[in-house]
Protein chains: 2
Amino acid sequence: MPVTIHDVAQRAQVSASTVSRALSASHLVRGTTRDRVLAAAKELGYQPNPAARSLITGRTGNIGIVVPDLNNPFYTGVLRGVQARARQSGYAVFFADGEEDPAAEEALVRAMARQVDGVVVCAPFASDAQLRSLAAVTSLTLLNRRLRDIPAALMDSAGGMRQVVDHLAALGHHRCAYLNGPNNAWSNRERRRGLRAAAARAQLSVVEFGPFEPKFEGGVQAADLALADGVTAIIAYNDLMALGVLSRLADRGVAVPQEMSVVGFDNLLYAAVCAPPLTTVAMPMEAGGRAAVDLLLSGIDGAGDGAGSHRELTTNLIVRATTAAARSHSVSDDPRPMAGRGSHG
Amino acid sequence: MPVTIHDVAQRAQVSASTVSRALSASHLVRGTTRDRVLAAAKELGYQPNPAARSLITGRTGNIGIVVPDLNNPFYTGVLRGVQARARQSGYAVFFADGEEDPAAEEALVRAMARQVDGVVVCAPFASDAQLRSLAAVTSLTLLNRRLRDIPAALMDSAGGMRQVVDHLAALGHHRCAYLNGPNNAWSNRERRRGLRAAAARAQLSVVEFGPFEPKFEGGVQAADLALADGVTAIIAYNDLMALGVLSRLADRGVAVPQEMSVVGFDNLLYAAVCAPPLTTVAMPMEAGGRAAVDLLLSGIDGAGDGAGSHRELTTNLIVRATTAAARSHSVSDDPRPMAGRGSHG
DNA sequence: CCGGCGCTTGCAAACGTTTGTGGCAGAGAG
DNA sequence: CTCTCTGCCACAAACGTTTGCAAGCGCCGG
């Protein structure tokens, strides 16, 4: 039923191979015949059969992406970037949600392997060994995970954390809490690493909690712990957790930012529009997705040098309304009578 | 390099066709040889080449989905449902973001058409004619768009709106605003239709504004208009807009729900966790995605009767903290000279 | 005038799988 | 014992495309 290359060939009075060449390696056919072929193809609405093409070329024109949790807007951001960049190069994208399960991640990549030219694995939970074994079965690019000999797009979480620390120190904070995300998340390890280094330099003492689920509920849970410790600032692993913290603090009548500063990571839409607007580190989500596809494609089309190429993306602290000067550290002389909910700014 | 069916055949001492049958129509081969083949396939780690298979069968084992805006968590919800249900039946899913552009939607579906067995188009912006022409090129299923002869999963927006109206009427509201989403969105038309019918019955007068962009900013913009009209309740097209309304009302010092009730649609995560938690109509996002794939697959695998099958999903009002009894109606004794936007009868 | 070269094109093989057809063997019936 | 039928399997064609190879042809230089 669908129109094949032979239909076009017949209409253009040439052989199928000429049609094929006219459509791909156009410099191999004479100008006039090429025009004839193109016209015929257009009139018939010819669309090459990707299965047949891929069978012989060994390439599919598809890439895959697997993310840990589609409910987190961070990943939908990189998804947008991935899809836009892929489309720009004529690639279609397979998508799958690993649901934060290493085994599922691996299974999904393996299932995709036969029909894609490569897959970008986003902030994977899988182990190094699992990832390496996956790299053997298809071309791999990582996002926010560093592994020797596997290309990756990396967001500078440590640098973002340094900015956070400088910001808090400048506001006179001396003791803050860090709410850990998942331990096996590279981003969390980077943030912690950056935090420790910068905090030591800035003479900021840090107490860590967690790990917690990197979600709203995790933040709610963590808030009470941090509050009990008497810190003046809370740095959450990501915005979702920070929003949970904000919500819990409001419930407990702790005024933000007067009594407690809060900062998150990611710069989700909701960080900008919640009350009060959240101070956070902007992660380049779409740019990260595009960069990952860049690397993947250059590893596929290109000379294949890219085995060890990593791309770093910068991050920026965005100061909004949840950070302020540390309260003159007299926790005791503040009676704090009010139990109301945090007011809108 | 990858292992083919012939490698398996050689190892199992049978022909390639026997391997093929052993793996698919297993009842056509003797038990002992089948076991031998299966063992050989397993030892070699054989994975059939989907391109070759699809070339001969004409089926791909893939489906596609195109959504209007990946930044809206509503669509990521249905994406999850789609992917889960597809995976359950062994289908992989292509994904694309139409970016609310009818032309892009159509182009994306056409691009997918050759490599999928069907595509679910999510709340499409494309015209009826465009959709029909797409249905000719591949198997189509719609989500939240009703069109004769094209299967669809539909969420009962009108029913949800009826619940909203009953709720507001019971709280003593007499005049409310509806903030329209995009005019060409079926969901918006349904919500408006349900609203008009229910409002007439409940003696609730309604003033409409918009259409607005179905996003946070649209809600911010709309809030001022509704406020100027003196309504006691605002029904937003979706939660994103409702959150924008909430934010703007807070900025303007209007207490919610004491001075103004607000209700949204969708029941996003953020509706539950914002302050105050939003009263909203829960849309079955994942279930909708699953239902759409159900329909699509039954149209593909099944007898193909499904041409006209529509599946309705129920919706439920979730009462939280943004709705309360109407303020003692000062509306009547308040002259309020300002000119509102177009209202209806 | 002839040999060779470059440009253009057709022929045919190949990619890995599914599936229709036919053959062989064994069993059951006459 | 022979005929037929059935179960099991191999052979080969086909799906639509790309690509190596060779052939036709005109042109140029010798």
[atom1] of [X] versus [atom2] of [N]: gap in Å, rounded?
| X | N | atom1 | atom2 | result |
| --- | --- | --- | --- | --- |
| Arg34(B) | dC9(D) | CZ | P | 10 Å |
| Leu28(B) | dT19(C) | CG | C1' | 10 Å |
| Gln10(A) | dG16(D) | CD | P | 14 Å |
| Leu55(A) | dG16(D) | CG | P | 12 Å |
| Arg21(B) | dA10(D) | CZ | C1' | 9 Å |
| Asp35(A) | dT9(C) | CG | P | 11 Å |
| Asp7(A) | dC15(D) | CG | P | 12 Å |
| His6(B) | dA10(D) | NE2 | C1' | 12 Å |

NE2 (His310(B)) and CG (Leu142(B)) are apart, to the nearest 0.5 Å, by 7.5 Å
Salt bridge between Glu312(A) and Arg146(A), side-chain N to carboxylate O under 4.0 Å?
yes
With the threshold set at 4.0 Å, does a side-chain nitrogen-carboxylate oxygen contact exist between Asp69(B) and Arg80(A)?
yes
Would you kindly say whether Arg36(A) and Thr32(A) are connected by a side-chain donor-acceptor distance under 3.5 Å?
no
Among dT18(D), dT17(D), dG16(C), find the nucleotide with the atom closest to the side chain of Thr4(B).
dG16(C)
Nearest to the side chain of Ile5(A), heavy atoms from C-beta on, is which of dC9(D), dT17(D), dA10(D)?
dT17(D)
Does [X] reach a base, just sugar-phosphate, or nothing at all? Heavy atoms under 4.0 Å.
| X | result |
| --- | --- |
| Ser24(B) | nothing |
| Ser20(A) | base |
| Thr33(A) | sugar-phosphate |

With a 4.0 Å cutoff (strictly under), does any side-chain N or O of [X] reach OP1 or OP2 of [N]?
| X | N | answer |
| --- | --- | --- |
| Arg30(A) | dT9(C) | yes |
| Arg53(A) | dG16(D) | no |
| Ser17(A) | dG10(C) | no |

Answer yes or no: side-chain N or O of Arg114(A) and base N or O of dG16(C) forming a donor-acceptor pair under 3.5 Å.
no
Could you work out, with ring-ring contact (aromatic ring centres under 6.0 Å, His included) as the rule, every residue matching Phe94(A), not counting sequence neighbours?
Phe94(B)
Taking for each residue the nucleotide of DNA chain D with the nearest heavy atom, is it Ile56(A) or Thr32(B) whose nucleotide lies nearer the 5' end?
Thr32(B)
